[in-house]
Every structure is written in structure tokens, then in C-alpha cells.
2 protein chains.
Amino acid sequence: MECSVARTLDVIGERWSLLIVRDAFYGVRRFDDFRADLGIARNVLADRLGSLVARGVLERRQYEARPPRYEYVLTPKGRELLPVLLTMMRWGDRWEADDDAAPVTLTHTTCEHETTPVVTCAHCAQELSWGELRTDPIRVRIPAR
Amino acid sequence: MECSVARTLDVIGERWSLLIVRDAFYGVRRFDDFRADLGIARNVLADRLGSLVARGVLERRQYEARPPRYEYVLTPKGRELLPVLLTMMRWGDRWEADDDAAPVTLTHTTCEHETTPVVTCAHCAQELSWGELRTDPIRVRIPAR
DNA sequence: CCATTGGGTTGCTTGTTGCAACCCACTGCG
DNA sequence: CGCAGTGGGTTGCAACAAGCAACCCAATGG
């Protein structure tokens, strides 16, 4: 499909992939730690890790020779998924939070304030809303009728 | 799972849901238009639309009485998925683009410049990077060993 | 010498998808 | 009036993907 969203979903748009990436951000590196944290079946995890490595999101590194042991760490490409995770985190907090459980909060250590991630225009720094955006070429998917 | 990312994925983390939402942003409203644009099976589409309506992402509105005809439009909750779509769009553009095809560009109509969406701190307006963020409570998913 | 750990593979069963066919209510057309 | 076309689905079946449990192997610790 000739759409960047679709191509992104092709890489991470599947039940486990993004959760694996989230765990990788949280510092998880090893097979059994992913497994323990996610409760995913071993074969499915092996499959997902392999495909994320093949797509360049994770890198498989041997950190011990005998016995051979591997760890999975984010590549630069994988680290650039952070905005996707942050926006999803925010949406989930806002719309799907448990009433009783306070959500995890984020602190921006450079300004030492609790932060909410907002998506802004790289040029004028204002928050982006759909009404103020135009695609070029224009993509209106309503067929002529 | 007690994680906002996981809860978000529970709603939209499935092969078609987010593509349906993307089309809804592009103005698609009717069953057969989604179908034509996505190439999705009818039963699966009916199922996804139903679940997105049940989760409050889309609203099903009758726009014609006899014969009954319905359209699916984004709710405020659904419209707030825009940041997720924009960040995914950007990632796909950057890392999964066809070499030959120029990606769709976004123009911010308020400043009339081509824009890239960046994720910034709501407080200090700087771009957020993982190294400058702390979660609270701290979520490090590396079990003590 | 035996249990444990890391990192898997294999086989079987169950749940999801996709595809095609069908359905129903209406509209427009001749 | 009859009949094709359109919107919005449901039903049935086949193919594939995911989950679960069992097994494997190499090394390490005691």
C-alpha cells in the first residue's frame, strides 16, 4: 500500500511488536525477560524478534561467547519509534485509563517538569490539528459518486 | 495489562483498525468506500467498524431513513488519534519509503509551511528524547538477577 | 552427576482472516 | 409492473497465525 502509515504498520502493526519495542525502551534485552514481561509464547516471541531484527528495528548482539547468549537492543531506527509510543501512551492515558489507577507520568529531565507529549509543527512549533493540515498531493478518499 | 500503550493497542492495535481511522481522517464515511479503499473483506470490515464504534472511536450515524443508510465518523476520541497517525506517518516516510516515490507531504495551513510533526514537551516545547525522560513510577523491566 | 538457565524448535489445537455467496430494503429505469 | 443496481450487512468454509506444552542443546554451579 502506498501510504507511510500502512508501511509503518507493516513493521510494527501487529499484536506484539510494539509491546516488544516498548519493553526495549524500558531496558529489556533478553529473550526470557521479554517472555516473562509479556507472557508471549516462546515461538511467537522468537518469530517477532527475528522479524524486528530483519526490519532493522532491533539488533541482535552476542554478549557472551560460551555459551552463546544474545541480547536485543534498539537500533537508531527503533529508537525513532519513541514518538509513536509517546503519542499512544498519551492517548491510552486520556481515553482508556483505569479509573482507580493513576497512570504512569513522564518527567522531562531537562526542564524538570512533568510533561505531556504534544505533536507540533517543526516550523512554527504550534500544536498540529487536522483542520490546519493539508496533504500534498491531496488525499481525499471519497470516490466521485 | 496495566500500561497505556497496551490499552491503546487493545483498541487500535490490529491490522485494519488504524487504517480505517486514517481513512476516516481522509473523509471516508461509508461502508463500501472503506471497503473499496482498503480491500478488506466485508465481514472483517463490519466487525472492525462495530468494534471501533463500541470503543467510541467512531460514531455510526444514520444519514438516510428509507432505505436506512449509515455513515461512520470520528468522535472526539477518534480525532485525538491524529498524533499517533502523524508520528507513524513520519516514521514510515523516514524509514520505509519507496526510493522512487516521493512521500505525501504535510502543509501546516496556519503558517503555510511544509511541516514535519515533532513530539515536544508541553511545558518547555523542546523535542522529547528518551534519554531526557523519566517515568514515574520508574518502569524498568529488567528483573533483578 | 544432576538441576538450572538462556535461547530456542517442533507439534498440536484453537482463534482470526479472507473469500465468496447470500440476503434484504429500497431506488431508478424501461 | 418487473428487474438490475446499491448500501449495508450475515453466513459458511478454508487457510493461516497464535497459543500452549513439550522437547532440545550447551554450559554452569554445586
Side-chain angles (χ1 to χ4, degrees), chain A residues 1 6 9-24 26-55 57-74 141-145, chain B residues 1 6 9-21 23-24 27-55 57-74 141-145:
Chain A
M1 207 176 283
L9 286 171
D10 216 46
V11 179
I12 50 149
E14 171 275 344
R15 185 131 99 258
W16 295 109
S17 304
L18 207 61
L19 292 175
I20 291 172
V21 171
R22 177 206 60 185
D23 274 12
Y26 279 134
V28 177
R29 285 172 157 76
R30 304 198 197 164
F31 193 90
D32 267 22
D33 293 342
F34 284 110
R35 203 177 120 57
D37 189 60
L38 297 172
I40 182 177
R42 279 169 165 283
N43 55 350
V44 177
L45 177 59
D47 193 75
R48 288 303 152 255
L49 287 173
S51 114
L52 288 171
V53 168
R55 310 298 202 116
V57 173
L58 296 177
E59 191 196 339
R60 183 183 197 248
R61 277 207 304 236
Q62 190 167 32
Y63 67 89
E64 195 184 282
R66 270 189 321 279
R69 292 287 177 263
Y70 305 96
E71 61 182 3
Y72 298 86
V73 294
L74 290 168
R141 285 161 195 278
I142 313 169
R145 213 179 294 277
Chain B
M1 206 176 283
L9 286 171
D10 216 45
V11 180
I12 51 150
E14 169 275 342
R15 187 132 96 261
W16 295 110
S17 304
L18 207 61
L19 293 175
I20 291 173
V21 171
D23 273 12
V28 177
R29 285 170 155 75
R30 304 198 198 165
F31 192 90
D32 268 22
D33 293 342
F34 283 110
R35 204 177 119 57
D37 190 59
L38 297 172
I40 182 177
R42 279 170 164 281
N43 55 351
V44 177
L45 177 59
D47 193 76
R48 288 305 152 256
L49 287 173
S51 114
L52 289 171
V53 168
R55 309 299 200 116
V57 172
L58 296 177
E59 190 196 340
R60 184 184 198 245
R61 277 207 304 237
Q62 191 167 30
Y63 66 91
E64 194 184 282
R66 272 189 320 277
R69 292 287 176 267
Y70 305 98
E71 59 181 6
Y72 298 87
V73 294
L74 290 168
R141 286 162 194 278
I142 313 170
R145 214 180 294 273

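Reminder, nothing fancy here: chain letters follow the sequence lines and each chain counts from 1.
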K.L.:
Using only side-chain N and O atoms of A:R42, determine if any of them is under 4.0 Å from OP1 or OP2 of C:dT10.
P.N.:
no
K.L.:
What is the distance from CG of B:D47 to P of D:dG8, rounded to the nearest Å?
P.N.:
17 Å
K.L.:
Checking all strands, does B:R48 fall into the base, sugar-phosphate, or nothing category for heavy-atom contacts under 4.0 angstrom?
P.N.:
sugar-phosphate
K.L.:
Measure CG/B:D33 against C1'/D:dG8 and give the value in whole Å, please.
P.N.:
12 Å
K.L.:
What is the distance, rounded to the nearest whole Å, between atom CG of A:L45 and atom P of D:dA17?
P.N.:
18 Å
K.L.:
Which residue lies toward the 5' end of DNA chain D, B:R69 or A:R69, if each is placed at its nearest nucleotide?
P.N.:
B:R69
K.L.:
C:dG18 C1' sits how many Å from B:I40 CD1, rounded?
P.N.:
10 Å
K.L.:
Are any non-hydrogen side-chain atoms of A:I12 and A:R55 less than 4.5 angstrom apart?
P.N.:
no
K.L.:
Of the candidate nucleotides C:dT9, D:dG8, D:dG19, which contains the atom at the shortest distance from the side chain of A:A46?
P.N.:
C:dT9
K.L.:
For the pair B:R35 (side chain) and B:I40 (backbone), establish whether a donor and an acceptor sit closer than 3.5 Å, ignoring hydrogens and angles.
P.N.:
yes
K.L.:
Check the distance between C:dG6's C1' and A:R29's CZ and give it to me in whole angstrom.
P.N.:
16 Å
K.L.:
Roughly how many Å is it from CG in A:L38 to P in D:dC20, rounded to a whole number?
P.N.:
13 Å
K.L.:
Rounded to whole angstroms, how far apart are CG on A:N43 and P on D:dC16?
P.N.:
18 Å
K.L.:
Return no unless some side-chain N or O of B:W16 is found under 4.0 Å from OP1 or OP2 of C:dT17.
P.N.:
no
K.L.:
Go through C:dC26, C:dC19, D:dG9 for me and flag the one nearest to the B:A41 side chain.
P.N.:
C:dC19
K.L.:
Round to a whole Å and report the spacing from CG of A:D32 to C1' of C:dG7.
P.N.:
7 Å
K.L.:
Have a look at A:E14 and say if it touches a base, only the backbone sugar-phosphate, or nothing, with a 4.0 Å heavy-atom cut-off.
P.N.:
sugar-phosphate
K.L.:
If the cut-off is 4.0 Å, is A:R30 near the phosphate of C:dT5, judged by side-chain N/O to OP1 or OP2?
P.N.:
no
K.L.:
So, taking the atom named CD in B:E14 and the one named CZ in B:R48, what distance separates them when rounded to the nearest 0.5 Å?
P.N.:
4.0 Å
K.L.:
Just N and O in the side chain of A:R60: are any of them under 4.0 Å from OP1 or OP2 of C:dG8?
P.N.:
yes
K.L.:
Is B:Y72 touching bases, backbone alone, or none of the nucleic acid, heavy atoms closer than 4.0 Å?
P.N.:
sugar-phosphate
K.L.:
Classify A:Y63 by what it touches in the nucleic acid, base, sugar-phosphate, or nothing, heavy-atom distance under 4.0 Å.
P.N.:
sugar-phosphate
K.L.:
State, with a plain yes or no, whether a side-chain heavy atom of A:R22 is found less than 4.5 Å away from one of A:D37.
P.N.:
yes
K.L.:
Is any side-chain heavy atom of A:R29 less than 4.5 Å from a side-chain heavy atom of A:Y72?
P.N.:
no
K.L.:
A:F31 side chain: which of C:dG8, D:dG9, C:dT27 is closest?
P.N.:
C:dG8
